[in-house]
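The next block holds one structure in the form of structure tokens; read it before the comments.
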There are 2 protein chains.
Amino acid sequence: MPQDIYDRIMMVAKRRGFIYPSFEIYGGIAGFYDYGPLGSQLKNNLENLWRRFFVLHDKCVEISTPTITLYEVLAASGHVEEFTDLTVDCLKCQRSYKVEDIIDKGLSVEQAMNEDNIRCPTCHASLHDAHPVNLMFSTSIGAGDGRKAFLRPETAQGIFTNFHLLYQFNRKKLPFGVVQIGRGYRNEISPRQGTIRQREFSMAEAEIFFDPQDKTHPLFPTVQDKELFLFDNINELKMSVADAVKKKVINNQALAYYMYLTQEFLLQAGVNPKKFRFRKHAADELAHYATECWDAELHSERFGWVECVGIADRSAYDLNAHIVSSSVDMYALRPFDEPKEITTKKIIPKMNVLGPRFGSTAGKIKEQLETLHPSTAKKITVTVDGEPLEIPKECYDIVDVTEKQSGEKFVPHVIEPSFGIDRILYFVLEHNFVEDKKKEEEYTVLRLTPKMAPIKAGVFPLISNEQLIRLARDIDDTIRKHGIETYYDESGTIGRRYARMDEIGTPFCVTVDHDSLSDHRVTVRDRDTTKQERINIDDVASLLKTKLSL
Amino acid sequence: MPQDIYDRIMMVAKRRGFIYPSFEIYGGIAGFYDYGPLGSQLKNNLENLWRRFFVLHDKCVEISTPTITLYEVLAASGHVEEFTDLTVDCLKCQRSYKVEDIIDKGLSVEQAMNEDNIRCPTCHASLHDAHPVNLMFSTSIGAGDGRKAFLRPETAQGIFTNFHLLYQFNRKKLPFGVVQIGRGYRNEISPRQGTIRQREFSMAEAEIFFDPQDKTHPLFPTVQDKELFLFDNINELKMSVADAVKKKVINNQALAYYMYLTQEFLLQAGVNPKKFRFRKHAADELAHYATECWDAELHSERFGWVECVGIADRSAYDLNAHIVSSSVDMYALRPFDEPKEITTKKIIPKMNVLGPRFGSTAGKIKEQLETLHPSTAKKITVTVDGEPLEIPKECYDIVDVTEKQSGEKFVPHVIEPSFGIDRILYFVLEHNFVEDKKKEEEYTVLRLTPKMAPIKAGVFPLISNEQLIRLARDIDDTIRKHGIETYYDESGTIGRRYARMDEIGTPFCVTVDHDSLSDHRVTVRDRDTTKQERINIDDVASLLKTKLSL
């Protein structure tokens, strides 16, 4: 197979310290990658740019929760049941495959299964008995068998399970957003798409909680006239944010606002706008928790259109699930203009039945029953000491209670923009990887935006002269003290040193020459224009800060 | 039990959004904590300060590798064998304990075991048969039984297994440092010390590779006259960095340099210098990989002296282990002044024996044998397709080979400063938690340094007047555009709003009043002096930047 762009990028990425296959000295394993010094810095820059958009600008708050997640959380969220891939095992060669990966193009999984002609891509045996396999990595906490747990499939559940505390943090006002940046895990059956399909990956997720009666966003007016690139699975449409909402292409303002924010973020990260679109999920594609979802897709010369961000309306799915499973009050309050007499159905526990039947746990059961809403609890199950317990009808009454209330309880809805950081990072590389020739030699320039570039400035003495070296090192130290990453280099011709910086995307190079010793000036070269300007040494750090908009 | 400082801090931490117990709605589990909005920001600030010291100043490079780690890596590093706690199980009540936690004070584990009088702290049954239990969380990768793996007990192994690539990245020069910040895992038997002993935690580790013949550091002269606080398990000593090395209290310059860097980092993070010391590990305390280790210990009113950073000389332990296990060339080269004729022992595979005996794998065996050094390989084992294979003597010769060489191969030594981020974060809270009374009411101020504070500035309109609100919101937006975290607040008296900011450690508050509308000036209040100054609105962001040294 001739090398395509992916192979060429990964070759440079390994040689120059962006990306290494993990555990390579022990033979490696599909789906795991290390970020080397430049890759790790690029990833930090990407995550910090994301924070600029979602934390500083949109005023979401960030939290950080464990990757190990208790079974109970993921049972409640539906992941134990639903987070699966349909899998077939080859009885002849003992390999396993995700059905979707090995059926003929154009066939749906159902068609392929019905036609019963799935064959092992390795040994060509006929394959049967496709079955769902859960994709979570499992582990256990504590000694012996311990408590069952998984590595989180998404960071979102760490946010949902703290909703009541976060609602209090935001002083009980909606809407508000909470974000988390961190590792997610997906135990793929047999991943085959390099860095695009990893088993351990970095995600940045935002969960924005709304009153379902008011899915507007305070900043919507600032974006309504901007253009979105949409694809409804048939046509590509360009339309304003406001039009997309008005024509019901996008269901509500909040969803449309976060789509635009996502687009702006991706473009500022350096994604090629011509290789970018939003695609709407068809009904049969939606995740178990979503009512509407748009993917931000980026185009790769090797992989075609790839989902890099999903922006989903998760409605009240998750909070409802955790209210039912945990019996904790995770409602929000919609205040009335003035207090009202309200008649609601309430559960009144009968202690004279609960007491004799449940003994010492009756008190705990009573407490939980009182927090439940009859409307959300289809069957009444409480959890006592980690065990679910069904409570029969005769243990409680459901009665109409009239009370003066200051507002109405409800379960907030959630809009979730969820970003795959590693995929975006790969596309930032592919979309900015410019291959050229210089004097018959291959010459690559990585046209990263200055904000993304892992190294902001190369610092060189023109020749290896002691005085020049000392001055160049001083300048290097000064720039770093301003928090700007540099790369000091004194070896090879100046052309060679520029080439090394161009290949890793360094936007500026600062060169000290003999004149610098007398005129206290240095040459600053711009990667993209290759123009050079001569400036005072004392101004170098502040010039860089301005160019980098720090 | 009356509330002590830990309880009081954790109460504020939960109420104000610093730290929540994880999975609390499902009953929680020991050893897992969530960082809420303020805790997460504090943690980011701490990690970024650490980067300032280790990446920008010390010029280490940062990498990022998976938390899931192949069995082979941790078998080679010794963690499968050695990363254990001596544990006893109670046959009566089915609980398990770490022996160290339940024996009488003053007894060593050996003494307690010999005296045979360990009793279950819960049911008082007599306990026997203490046995080592491995503390790694295990999981498996892929379908079916999959490949055995663990969650990493330290981030360091991700660095060691990439040494050859990182050495190449640093253009084959020593010393150089590589850091990683991320999650580590330790499946504690039954953790009982709150946030001090977590099962999933954040670490920041630096591995600095040295030529064992030259454990000096280029920046040593800049720190040699500074003072270190040392404790040799008997006496507390204050001495200069240079003296500590000269008197052999600390074994080498490199170790002493990183101890000083650690001290500076902790003090800048806001640790109380009177509650800080370095304690030397006694020989029987050393981890399996260390030849010398100093702990940076911080003092807590509840927990006493607690290890928060370990600074270890890991010598060549890890790289040697991976060279032996993987057969990959992970040596460094010490260049000669000019090329020399060198006679070394080499392994010469005998293909006429290997071929018939190992068939198609003989080629792979040959390749590996040729990279091995007879001196490091006590028994010759190669790894083919993931399987270890012992190669008998008759398959190869060891011969003296004389070659012209440009340098001498050696295995670098490693100095490792390893930071427990969560513990340091807790101590930053405890050492800066100031409890006071104001008009008979409890009043707490968190005296975080401006760099650590999660919120840098509160922004308030003096009263809820539409014009003041609009101006305050504009100022708030402007400050945030400069990358500075703010908290806008318009509810309650101004004293109440100051108090809320003091409690979470916000160093500055900006108040807009009626005069602001005409004189374009606002009041900036300093948390620690409570002094107020009146400044031009256009200067607010730059004033804050200066105060925060951004």
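In what follows, every heavy atom counts, from backbone to side chain, and hydrogens, waters and symmetry copies are set aside. Quick note on labels: first sequence line is chain A, next is B, and so on, each numbered from 1.
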Next on the checklist: Between A:R51 and B:E485, does any side-chain N to carboxylate O distance fall below 4.0 Å?
Outcome noted: no
Checklist entry - Would you say the side chains of B:Q180 and B:T65 form a donor-acceptor pair under 3.5 Å? => result yes
Checklist entry - Which bit of B:T139 comes within less than 4.5 Å of chain A, counting heavy atoms only: side chain, backbone, both or neither? => result both
Item to check | With sequence neighbours excluded, residues passing side-chain contact (heavy atoms from CB on, under 4.5 Å) with B:V328 | outcome: A:I25, B:H164, B:S326, B:M330
Checklist outcome for this item: Pair count under 4.5 Å, heavy atoms only, with chain B: among A:T87, A:I68, A:I159, highest is A:I68
Next on the checklist: Just so I understand: if I count every heavy-atom pair under 4.5 Å between each of B:V61, B:V133, B:I189, B:N162 and chain A, which residue has the most?
Outcome noted: B:N162
Checklist entry - For B:P191, does its backbone N or O pair with a side-chain atom of B:D101 as donor and acceptor, under 3.5 Å? => result no
Checklist entry - Which one, A:A76, A:G17, A:P66, leads in non-hydrogen pairs under 4.5 Å with chain B? => result A:P66
Next on the checklist: Under 4.0 Å between a side-chain nitrogen and a carboxylate oxygen: does that hold for A:K98 and A:D85?
Outcome noted: yes
Checklist outcome for this item: Most heavy-atom pairs under 4.5 Å with chain B, out of A:K43, A:R171, A:Q94, belong to A:R171
Next on the checklist: I need the residue from A:L38, A:N48, A:L151, A:I141 with the largest number of non-hydrogen atom pairs under 4.5 Å to chain B.
Outcome noted: A:I141
Checklist entry - For the candidates A:G27, A:S96, A:G483, which exhibits the highest count of non-hydrogen atom pairs separated by less than 4.5 Å from chain B? => result A:G483
Item to check | Residue A:Y33 versus chain B: region with a heavy atom under 4.5 Å | outcome: backbone
Next on the checklist: B:D476: which residues meet the side-chain contact (heavy atoms from CB on, under 4.5 Å) condition with it, sequence neighbours left out?
Outcome noted: A:K59, B:V459, B:R480, B:T486, B:Y488
Next on the checklist: Are A:Y35 and A:D422 packed together at the side-chain level, in the sense that at least one heavy-atom pair is separated by less than 4.5 angstrom?
Outcome noted: yes
Item to check | Segment of A:Q157 engaging chain B (4.5 angstrom heavy-atom cut-off) | outcome: neither
Checklist entry - Where does B:S202 contact chain A at under 4.5 Å (heavy atoms): side chain, backbone, both or neither? => result neither
Checklist entry - Taking the inter-plane angle between the rings of A:F169 and B:Y487 on a 0 to 90° scale, is it parallel (under 30°), tilted (30 to 60°) or perpendicular (over 60°)? => result perpendicular
Item to check | Under 4.5 Å from any heavy atom of chain A - which part of B:E200 | outcome: side chain
Item to check | N/O donor-acceptor pair under 3.5 Å between A:N134 side chain and A:T84 backbone | outcome: no
Next on the checklist: Under a plain distance cut-off of 3.5 Å, with no hydrogens placed, do A:Y185 and B:T67 share a side-chain donor-acceptor pair?
Outcome noted: yes
Item to check | Option that, when pairs with chain A are counted at under 4.5 Å, heavy atom only, ranks first among B:A149, B:S491, B:C60 | outcome: B:S491
Checklist entry - If you count heavy-atom pairs under 4.5 Å with chain A, which of B:S140, B:S190, B:G158 comes out on top? => result B:S140
Checklist entry - chain A heavy atoms under 4.5 Å from B:K545: which part of the residue, side chain, backbone, both or neither? => result side chain
Next on the checklist: Applying side chain to side chain contact (heavy atoms under 4.5 Å, CB included) to A:L46 and A:I421, what does each step give before you reach the verdict?
Outcome noted: CA-CA 8 Å; A:L46 195 57; A:I421 294 294; 4.0 Å; yes
Checklist entry - Under a 4.5 Å heavy-atom cutoff, which of B:T69, B:D89, B:V178 has the most pairs with chain A? => result B:T69
Item to check | Under 4.5 Å from any heavy atom of chain A - which part of B:Y20 | outcome: side chain
Checklist entry - So which of B:G36, B:S325, B:S64 has the biggest tally of heavy-atom pairs under 4.5 Å with chain A? => result B:S64
Checklist entry - Quick one: of B:V73, B:V55, B:N44, B:I479, who has the most non-hydrogen atom pairs under 4.5 Å with chain A? => result B:N44
